Undergrad: 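Provided herewith is a single structure, encoded as structure tokens, for subsequent inquiry.
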Number of protein chains: 2
Amino acid sequence: MTQRELDAVVGAASALELFHAAALVHDDVIDSSDTRRGEPSAHRRFADRHADHRWAGDAAGFGTSAAILLGDLLLGWSDELFDDAIHELGDAQRARAARRLFNTMRTDVTAGQYLDVLEESAWVERDEQELLDAARRVVVFKSAKYSIESPLLIGAALGGGSEAQLEALSAFGLPLGIAFQLRDDLLGVFGDAAVTGKPSGDDLREGKRTVLVALTRSRVSSSVRRAFDELLGDPELNTEQVLMLQGAMRDSGAVEEVEELIEREVRRANAALDEASLAPEAIAALRQLTARVTDRDA
Amino acid sequence: MTQRELDAVVGAASALELFHAAALVHDDVIDSSDTRRGEPSAHRRFADRHADHRWAGDAAGFGTSAAILLGDLLLGWSDELFDDAIHELGDAQRARAARRLFNTMRTDVTAGQYLDVLEESAWVERDEQELLDAARRVVVFKSAKYSIESPLLIGAALGGGSEAQLEALSAFGLPLGIAFQLRDDLLGVFGDAAVTGKPSGDDLREGKRTVLVALTRSRVSSSVRRAFDELLGDPELNTEQVLMLQGAMRDSGAVEEVEELIEREVRRANAALDEASLAPEAIAALRQLTARVTDRDA
């Protein structure tokens, strides 16, 4: 890799980090999450500042407003950084290709986020199959493309990857991204708060309509399903109720099915690497990524 | 102007419109405004949709979340459109210059918005002079640069304007932008709802700490000031209370002072045109803009 290419990749990766920071700041507002990575979330910090100073008006409202604007600022800066990075490259064609991928990624993840938020509310209108389809769509758009596939493609475009190489990276990245999110869904319900940095059972209090939830609902009796729906999404869930929901997920066999889905997607990702015309070092690095993404507890 | 330049300017102008739409969607969330241009605001529409479908959870929360994401989507699309537009031009140097101005504009207006939101709360800690300085800073960053100066500079950069021409457009645009916002502040308090599309007195219920407010407070007795502070920012203000606040602003002479400030800034803007080395058609168009921006009732 030339120095220019390296600078461009580091710049683009930094831009993705800033974009992600923006998404998290807005996400925490949307989910009313008070913590992020074990620390107070951005809107919480602004609200605390308001309260500490005894400013006029509503502290929570100020926190939300300031966090919306902080996210907007970070979105702009991410874009600025990305633009500078692809200019560093001095190759207009590669720069355009990377920019298009970046644009698509932003649209995909924002639409995916909306679908996620929508399903937290609109699930009441869906039948079992629609619920599962919707949950899968959220996984693909909100997470799989965004977290793994798009960053790989952007890097490849900056490095002048061939069309076949980009296709191989998609064939690897998309299933790995799905596996990543399915693991995340399990951690959101069963994860250890001390390791994940998020209170245990937070996804249950938010009422996220994950694949895990859709599979559980399709596997339990209608009376258990009613009790399940009643509890899921209640922000006041106590420990006992969290344990009850966790139990239903485990006992129904849904957890096991999700674990199997993860394995299947990982196999797909690995199989894509077997046939990929990528440098051996690249393939070795991607195999390491597979292990890190799917066997984790945070 | 060549066809390419024209396409680039139209594309960039469309990008600014989309950026503005994003800012308004987020702004209405921040200000809890239920209407925009006489129609329900975006978050209100999403909340209504939630209520109409009897979806699960909280309609208002869904409205806020969806509007945050809609704004994010529009921010991304605005950027995408701007990028395409400057590429149309086929002139890398002009494209870079326009992009830098666009980047600065985004940061300025977002920071200005934050200062505005901050002052709605933090004013309790400020003395009279600080309040006036803060209100002026908001006018410059949130509005003057954003609404007038930056769009002019971006257009000029796309057209290959000289440094002297860009300076002349700044010297014209910044004071005109200040006059524009001061007029907006007056309309926010005294405007006719049927014409502005915003409920009358809305700025008073939001508690916007405008130059008009700062000047009023510095001109009234401390007992009137206390009553004024008590009412301003109360979302439940009734008509009588709105009339009382309007009366204090008028009787104190603050309204007249703002009108004088507007005239002074317009004179400055016009004087900048007298010396500008711009085409006569451009100068004529800018003089028309001056009249449209400052003598308006919506």
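Just so we're on the same page: letters track the sequence lines, and every chain starts at 1. Not measured: the values here are computed from a predicted model.
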Undergrad: Test of understanding: with ring pair (Phe, Tyr, Trp, His ring centres under 6.0 Å), list the residues that count as partners of F82(A), not counting sequence neighbours.
TA: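 So F82(A) forms a ring pair (Phe, Tyr, Trp, His ring centres under 6.0 Å) with F102(A).
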Undergrad: With chain B as the partner chain, list the residues of residues 125-138 of chain A whose heavy atoms fall under 4.5 Å from it, by residue number, and write 'none' if nothing qualifies.
TA: E125(A)
Undergrad: Heavy-atom pairs under 4.5 Å with chain A - which of A56(B), S121(B), S65(B) has more of them than the others?
TA: S121(B)
Undergrad: List the steps, then state whether side chain to side chain contact (heavy atoms under 4.5 Å, CB included) holds for F62(A) with L118(B).
TA: CA-CA 8 Å; F62(A) 174 75; L118(B) 179 66; 3.9 Å; yes
Undergrad: With chain B, which of G76(A), G61(A), A122(A), P235(A) has the greatest number of heavy-atom pairs at distances under 4.5 Å?
TA: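 Of the options given, most contacts go to A122(A).
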Undergrad: Side chain, backbone, both or neither: which part of L69(B) has a heavy atom under 4.5 Å from chain A?
TA: both
Undergrad: Select, from R100(B), R99(B), Q113(B), the one with the greatest count of heavy-atom pairs under 4.5 Å involving chain A.
TA: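 Heavy-atom pairs under 4.5 Å are most numerous for R99(B).
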Undergrad: Given that the side chain runs from C-beta out, which part of L70(B) has a heavy atom under 4.5 Å from chain A: side chain, backbone, both or neither?
TA: neither
Undergrad: Given a strict heavy-atom distance threshold of 4.5 Å, which part of V29(B) is in contact with chain A: side chain, backbone, both, or neither?
TA: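 Side chain of V29(B) only, per the 4.5 Å heavy-atom cut-off to chain A.
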Undergrad: Measure distances from D83(A) to the heavy atoms of chain B and classify the residue's part below 4.5 Å as side chain, backbone, both or neither.
TA: both
Undergrad: Rounded to the nearest 0.5 Å, what separation is found between the CD1 atom of I68(B) and the OG1 atom of T64(A)?
TA: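 Atom-to-atom, I68(B):CD1 and T64(A):OG1 are 7.5 Å apart.
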Undergrad: Residues of residues 15-25 of chain A under 4.5 Å from chain B (heavy atom pairs)?
TA: none
Undergrad: I'd like to verify something: which residue of V124(B), N103(B), D229(B), D234(B) has the highest number of heavy-atom pairs under 4.5 Å with chain A?
TA: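 Of V124(B), N103(B), D229(B), D234(B), N103(B) has the most heavy-atom pairs under 4.5 Å with chain A.
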Undergrad: Name all pairs fulfilling the salt bridge (charged side-chain N to carboxylate O under 4.0 Å, His left out) condition that reach into residues 48-77 of chain B, sequence neighbours left out, sorted by first residue then second.
TA: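 As it turns out, the salt bridge (charged side-chain N to carboxylate O under 4.0 Å, His left out) pairs with a partner in residues 48-77 of chain B, which skip direct neighbours, are R44(B)-D48(B).
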Undergrad: Is L73(A) close to chain B through its backbone or its side chain, or both, or neither, when contacts mean heavy atoms under 4.5 Å?
TA: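 Backbone plus side chain of L73(A), per the 4.5 Å heavy-atom cut-off to chain B.
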Undergrad: Taking side chain as everything from C-beta outward and backbone as N, CA, C, O, which of these in D84(B) sits under 4.5 Å from a heavy atom of chain A? Side chain, backbone, both or neither.
TA: both
Undergrad: Counting only non-hydrogen atoms closer than 4.5 Å, does T107(B) touch chain A with its backbone (N, CA, C, O), its side chain (CB onward), both, or neither?
TA: both
Undergrad: Can you tell me which portion of V117(A) sits under 4.5 Å from chain B's heavy atoms? Options are side chain, backbone, both or neither.
TA: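 Contact with chain B: backbone and side chain both.
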Undergrad: Can you see which heavy atom on E80(B) is nearest to which on R106(A), and at what distance?
TA: N-NH2, 4.1 Å
Undergrad: At a 4.5 Å cut-off on heavy atoms, which part of H53(B) comes close to chain A: side chain, backbone, both, or neither?
TA: both
Undergrad: With a cut-off of 6.0 Å (strictly less than), are more than 12 heavy atoms of other residues, nucleotides or ligands near CH2 of W55(A)?
TA: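 Counting neighbours around CH2 of W55(A), more than 12 heavy atoms of other residues, nucleotides or ligands fall under 6.0 Å, so yes.
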